[in-house]
Amino acid sequence: MTQWRFQAAMVATTMIAFVAMLAANEWLFTQIEFVPGIAWIYLPAGMRLLCVLLFGDAGAIGLLLVSWLVCFFHFFPNDFMRSFMGGILAAAAPWLANRVAQHAFGLRASLTNLSPKRLLGCILLYSLASPLLHHIWFFVHGDSGNLLRGFFVMFIGDLNGTLIVVYTMKGLLALFPRPPQPRDATQ
């Protein structure tokens, strides 16, 4: 039961963090939005990757649930299919980027080997995966207007937002003192 509660807490934390980041993004950057959900700076993208990196599958489940909520009730309340698929794609992109990074970069699920180079690789993978998945779906669904421009704006927005969120969190963590390292018994 303890493991279930821990997983549920990670799902809930993901949902709360995502909504908070979405609110901050709308407060700060609504005026530079290309279309609803695609902006030149999209902070929720960074929270998506961060939650999947930190919480793994529980983060992806939290993203799926919260993405469905915001798609169905905020972004596209009158478009069931776009909301349904939008939630799936929003959760799948960071999950897939994390899986590719684990395989291609040797990234451990524990993140113990998350170097600056691997972190940047994860950010770039995710920033490409999200607009690619979304725009493939737009094309298949017949929404072919401004596909290239939309892809470009979404890539830049996801990249900017992810860089801002991830490196802000990294900077905030640097403010805390490091825990003492155990002494080597051979010294």
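Side chains are part of it too, since the values below use all heavy atoms of this structure and drop only hydrogens, waters and symmetry mates.
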Check your understanding: Are F72 and F84 close enough that their ring centres sit under 6.0 Å apart?
Key -> no

Review point. Around L173, counting heavy atoms of other residues, nucleotides and ligands shown, do more than 12 lie under 6.0 Å from its CG?
Key: yes

Check your understanding: Any side-chain heavy atom of Y167 within less than 4.5 Å of one from I123?
Key -> yes

Point to revise | Within 45° cone and under 6.0 Å: R118 NZ/CZ vs F105 ring | key: no

Review point. Between SG of C122 and NZ of K117, what distance do you get to the nearest 0.5 Å?
Key: 12.5 Å

Review point. Just how far is it from atom CD1 of I32 to atom CD1 of I38, taken to the nearest 0.5 Å?
Key: 13.5 Å

Review point. Is there side-chain contact between Y42 and T162, with heavy atoms separated by less than 4.5 Å?
Key: no

Exercise for review: Give every residue pair that meets the side chain to side chain donor-acceptor pair (under 3.5 Å) criterion with at least one member in residues 50-66, sequence neighbours excluded.
Suggested key: D57-W95, D57-R99

Check your understanding: Between H135 and F155, is any pair of side-chain heavy atoms under 4.5 Å apart?
Key -> no

Practice item. Measure the CG-CE distance between L128 and M154 for me, rounded to the nearest 0.5 Å. Key: 12.0 Å

Point to revise | Any side-chain heavy-atom pair of L163 and L120 under 4.5 Å | key: yes

Exercise for review: Could you tell me whether a side-chain N or O of S83 sits under 3.5 Å from a main-chain N or O of F76, the two making a donor and an acceptor?
Suggested key: yes

**Study point:** Pairwise side-chain contact, W40 with V153, heavy-atom cut-off 4.5 Å (strictly under)
**Key:** yes

Check your understanding: With W137, which residues qualify under ring pair (Phe, Tyr, Trp, His ring centres under 6.0 Å), at least two apart?
Key -> H141

Check your understanding: Within a strict 4.5 Å, meaning less than it, do heavy atoms of the Y126 and V166 side chains meet?
Key -> no

Review point. Taking side chain as C-beta onward, heavy atoms only, is L111 less than 4.5 Å from L54?
Key: yes

Check your understanding: Which is it for L69 and L65 under the side chain to side chain contact (heavy atoms under 4.5 Å, CB included) test, yes or no, and what are the steps along the way?
Key -> CA-CA 6 Å; L69 287 172; L65 297 174; 5.6 Å; no

Exercise for review: For residues L107 and N98, determine if any side-chain heavy atom of one lies less than 4.5 Å from a side-chain heavy atom of the other.
Suggested key: yes

